Protein chains: 2
Amino acid sequence: MQATAANDLVSPDRREEVLAAAAECFMRRGYEATSMDDVADMLGATKGRVYHHFRSKPELFFEVFRRAIFILIREAGVHETGPGTAADRLRRMSRAHILCMMETQAFQRNLTLGVDLYRFGETSDEHRATLEELMDLRRGYEDAFRRTFAAGAADGSMKPLDPSLAMRTLLGAINWVAVWYSPRPGETRAHRETLAEEIVAQVLGGYLA
Amino acid sequence: MQATAANDLVSPDRREEVLAAAAECFMRRGYEATSMDDVADMLGATKGRVYHHFRSKPELFFEVFRRAIFILIREAGVHETGPGTAADRLRRMSRAHILCMMETQAFQRNLTLGVDLYRFGETSDEHRATLEELMDLRRGYEDAFRRTFAAGAADGSMKPLDPSLAMRTLLGAINWVAVWYSPRPGETRAHRETLAEEIVAQVLGGYLA
DNA sequence: GTCTATAGAAAGATAGAC
DNA sequence: GTCTATCTTTCTATAGAC
């Protein structure tokens with residue numbers, strides 16, 4: 001169908017714009033404090049446009065969340081398999097994770113918010129199912145770090161620490177980048193990569209054998 | 001005045017109850033998602049009680065925030081001065097910080113929320129001044145870690161790393177405890193201390209000379 | 001010091017024009 | 001596909017009884 005083909009080209013981009021605006025708003029003000037009007041304002045539009053692409057505010061948030069975790073899996077998670085020792089692989093995973101925190105900050109900050117919603121939120125059955133699915137995605141991503149810590153203990157490249165605890169302290173340190181980082185004017189990718197390397201060097205030092 | 005003396009004994013406790021309930025609510029649902037009715041419900045009371053002790057919702061939040069940072073300064077910040085090398089002092093500071101994250105979790109989670117409010121929030125002049133003051137308190141606390149990293153480079157007990165970056169990665173790792181930690185039934189102080197020691201051992205490893 | 005009742009503002013969501 | 005107008009609910013905050 002030609003109409004569908006056209007939509008595949010045009011509609012996703014418009015939808016994408018709404019999504020990016022929502023991520024930015026959620027990051028700035030938080031999920032609850034962000035109104036649908038805020039998202040629309042950021043686009044220079046009105047609510048009508050937002051509601052045309054997303055049924056409700058929770059669904060808008062879920063899409064932002066899903067996007068954030070997909071980016072992490074694609075950019076960092078993939079390095080779980082690769083050459084070298086477990087320590088080498090963990091270094092590549094951490095480096096990529098940090099760059100994601102810096103370059104898709106608006107999306108990534110929402111991962112933390114999502115956890116809160118999940119742990120304490122009173123949501124409908126439908127939304128709860130979606131949250132469950134999203135949390136599974138996040139857990140799966142975290143498992144890659146857990147497994148790599150275990151692999152490091154096995155291949156001798158890393159200290160034999162509790163893999164779950166190590167995963168949490170490592171992810172804490174590098175997730176926090178999304179909290180304090182803000183790009184300097186004129187900053188290049190090379191600057192961010194240098195910064196990421198420094199952080200990795202500091203953080204991973206404690207886990208290496 | 002006897003009335004005042006009585007208030008000094010009674011009123012603060014009632015106020016304290018409201019404060020603790022607010023911290024708990026803010027942690028569970030976040031600041032914006034928490035209504036004054038939610039806080040009252042947690043007390044088995046109505047809004048009237050909350051508004052009797054706190055003029056507005058922001059002021060309630062500010063008090064929670066202030067309490068959180070005071071606890072950190074009192075419990076962890078004080079260890080900046082003490083015996084041993086800078087590494088020894090940083091160990092004691094981190095250990096105490098982690099225990100605060102576990103034992104006053106409800107209060108501590110709000111420190112992160114406060115940062116968001118400050119970075120992007122559109123607040124009144126009065127509230128902005130208060131936020132400025134609270135952020136100075138937080139900055140001052142962070143400076144203790146920064147200074148101790150610098151002292152560690154000077155006395156040779158720690159690697160000569162960028163103190164600001166090291167402070168951020170360390171605090172990221174140990175702040176994250178408040179995000180993932182949840183107390184097990186029957187857990188004792190001794191359990192938490194053991195856990196805190198493990199985390200400190202893992203995290204500080206990378207910074208030691 | 002706490003409650004009930006309510007005013008006033010803001011937000012999520014929908015209907016229908018264009 | 002986007003806008004205007006509006007319905008409905010929810011929330012902050014206050015007034016006044018007890």
Side-chain angles (χ1 to χ4, degrees), chain A residues 1-22 25-26 28-64 113 117 121-124 126-127 130, chain B residues 1-22 25-26 28-64 113 117 121-124 126-127 130:
Chain A
M1 289 186 286
Q2 289 177 337
T4 306
N7 279 343
D8 282 350
L9 289 173
V10 179
S11 182
D13 285 46
R14 303 299 277 171
R15 197 183 141 96
E16 212 64 24
E17 281 176 28
V18 177
L19 211 51
C25 288
F26 290 154
R28 291 192 181 187
R29 294 190 256 278
Y31 172 69
E32 296 289 346
T34 298
S35 71
M36 295 300 257
D37 281 320
D38 290 335
V39 177
D41 284 353
M42 174 149 294
L43 293 163
T46 63
K47 278 194 286 218
R49 180 165 166 194
V50 180
Y51 275 104
H52 177 73
H53 292 285
F54 298 92
R55 220 165 289 171
S56 69
K57 194 183 168 190
E59 294 208 11
L60 182 54
F61 178 77
F62 292 150
E63 258 321 287
V64 171
L113 298 176
L117 216 59
E122 299 118 17
T123 49
S124 71
E126 188 193 344
H127 288 158
T130 306
Chain B
M1 291 186 282
Q2 290 177 333
T4 306
N7 280 342
D8 284 349
L9 289 174
V10 179
S11 180
D13 285 46
R14 305 296 278 171
R15 196 183 141 96
E16 212 64 24
E17 282 176 27
V18 177
L19 211 51
C25 288
F26 290 155
R28 290 191 182 188
R29 293 190 258 277
Y31 171 69
E32 296 287 346
T34 298
S35 72
M36 296 298 258
D37 281 319
D38 289 336
V39 178
D41 284 352
M42 175 150 291
L43 293 162
T46 64
K47 278 192 288 217
R49 181 164 164 196
V50 180
Y51 276 104
H52 177 73
H53 293 285
F54 297 92
R55 218 163 292 169
S56 67
K57 194 183 166 189
E59 293 207 12
L60 181 53
F61 177 78
F62 292 150
E63 259 321 287
V64 172
L113 297 176
L117 216 61
E122 298 117 19
T123 49
S124 71
E126 189 193 344
H127 288 159
T130 307

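Source: prediction; values computed, not measured. Here is the naming used below: chain letters follow the sequence lines, and residue numbers restart at 1 for every chain.
With B/D41 contributing its side chain and B/D38 its backbone, the two residues share no donor-acceptor pair below 3.5 Å.
Atoms CZ (B/F61) and C1' (D/dC11) sit 18 Å apart, rounded to a whole Å. Going from atom NE2 of B/H52 over to atom P of D/dA13 covers 17 Å, rounded to whole Å. Atom pair B/E32:CD and C/dG12:P shows a separation of 11 Å (rounding to whole Å applied). The separation between A/L60 atom CG and C/dA13 atom C1' is 14 Å, rounded to whole Å. Taking atom CG of residue A/D41 and atom C1' of nucleotide D/dT2, one finds them 15 Å apart after rounding to whole Å. Between the NZ atom of B/K47 and the P atom of D/dT10 there is a distance of 12 Å, given to the nearest Å. One atom, CG of A/D37, and another, C1' of D/dA5, lie 13 Å apart when rounded to the nearest Å. When rounded to the nearest whole Å, the span between OH of A/Y51 and P of C/dA11 equals 12 Å.
B/T46 comes within contact range of at least one nucleobase, with a heavy-atom separation under 4.0 Å.
Listed pair B/R14 / C/dT2 meets the phosphate criterion, a side-chain N or O lying under 4.0 Å from OP1 or OP2.
Under a cutoff of 6.0 Å and an axis angle of 45°, A/K57 and A/Y31 form a cation-pi pair.
The nearest heavy atom of DNA chain C to A/M36 and to A/G48 marks one nucleotide each, and the one closer to the 5' end goes with A/M36. Both B/R49 and A/P58 lie close to DNA chain C; mapped to their nearest nucleotides by heavy-atom distance, the more 5′-ward contact belongs to B/R49.
Between A/R49 and A/E17, at least one side-chain nitrogen of the basic residue sits less than 4.0 Å from a carboxylate oxygen of the acidic one, meeting the salt-bridge criterion.
A distance of 4.5 Å separates OG of A/S56 from NE2 of A/H127, quoted to the nearest 0.5 Å.
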